[in-house]
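Worksheet: one structure, shown below.
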Amino acid sequence: MAIAEETVLAALRQVRDPELYVNIVDLGLVYEVQVSEAGGKSDIHVKMTMTTPACPVGPQLVQEVKDVLESLGEPVGRVEVELVMSPPWTPDR
């Protein structure tokens, strides 16, 4: 059985933007989460953005997302993070 999207989002709330001190889900940086079952494991695809295209902590945030999702344990298969800049992030998100 695939990991629930709510479980993924709860895990992603552990990742905080180091400049704004808000988690990336509540900040609106996570645009989409897809979980698919493959070989008895849950592959996770996260589509997210940054507050600015030249965000200096972008690579750090991407790695933290991967780390926190992989720490969910054995049911997790492949974790992919896709950075998108459209639509651009705004404080309204």
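This chain uses plain numbering: 1 for the first residue, then up along the sequence. Computed from a predicted model, the values in this text were never measured in an experiment. Excluded from the calculations below are hydrogen atoms, water molecules and symmetry mates; all remaining heavy atoms, backbone and side chain alike, are included.
- The nearest pair of heavy atoms linking Arg78 to Asp43 is N-OD1, 2.8 Å.
- Contact annotation: the side chain of Ser71 never approaches that of Gln14 to less than 4.5 Å [non-hydrogen atoms, C-beta and beyond].
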Taking only distance into account, with no hydrogens and no angle test, what donor-acceptor pairs under 3.5 Å do side-chain atoms of residues 81-89 form with protein atoms, sequence neighbours excluded?
residue : atom : partner : partner atom : Å
Glu82   : OE1  : His45   : NE2          : 2.8
Trp89   : NE1  : Leu27   : O            : 2.8

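- Interatomic distance, CG of Asp26 versus CG of Asp17, reported as 12.0 Å (0.5 Å rounding).
- Using a distance-only test at 3.5 Å, with no hydrogens or angles considered, no donor-acceptor pair links the side chain of Ser42 to the main chain of Glu37.
- Here the side chains of Val46 and Glu32 are not in contact, with every heavy-atom distance at 4.5 Å or above.
- At least one side-chain heavy atom of Glu74 sits less than 4.5 Å from a side-chain heavy atom of Lys41.
- Exactly one of Thr7, Val76, Leu12 qualifies for a side chain to side chain contact (heavy atoms under 4.5 Å, CB included) with Ile44. That residue is Val76.
- Minimum heavy-atom separation, Met50 to Cys55: CB-CB, 3.7 Å.
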Please tabulate, one pair per line, all N/O donor-acceptor pairs under 3.5 Å involving side-chain atoms of residues 61-68, not counting sequence neighbours.
residue : atom : partner : partner atom : Å
Gln63   : NE2  : Asp67   : OD1          : 2.8
Glu64   : OE2  : Gln60   : NE2          : 3.0

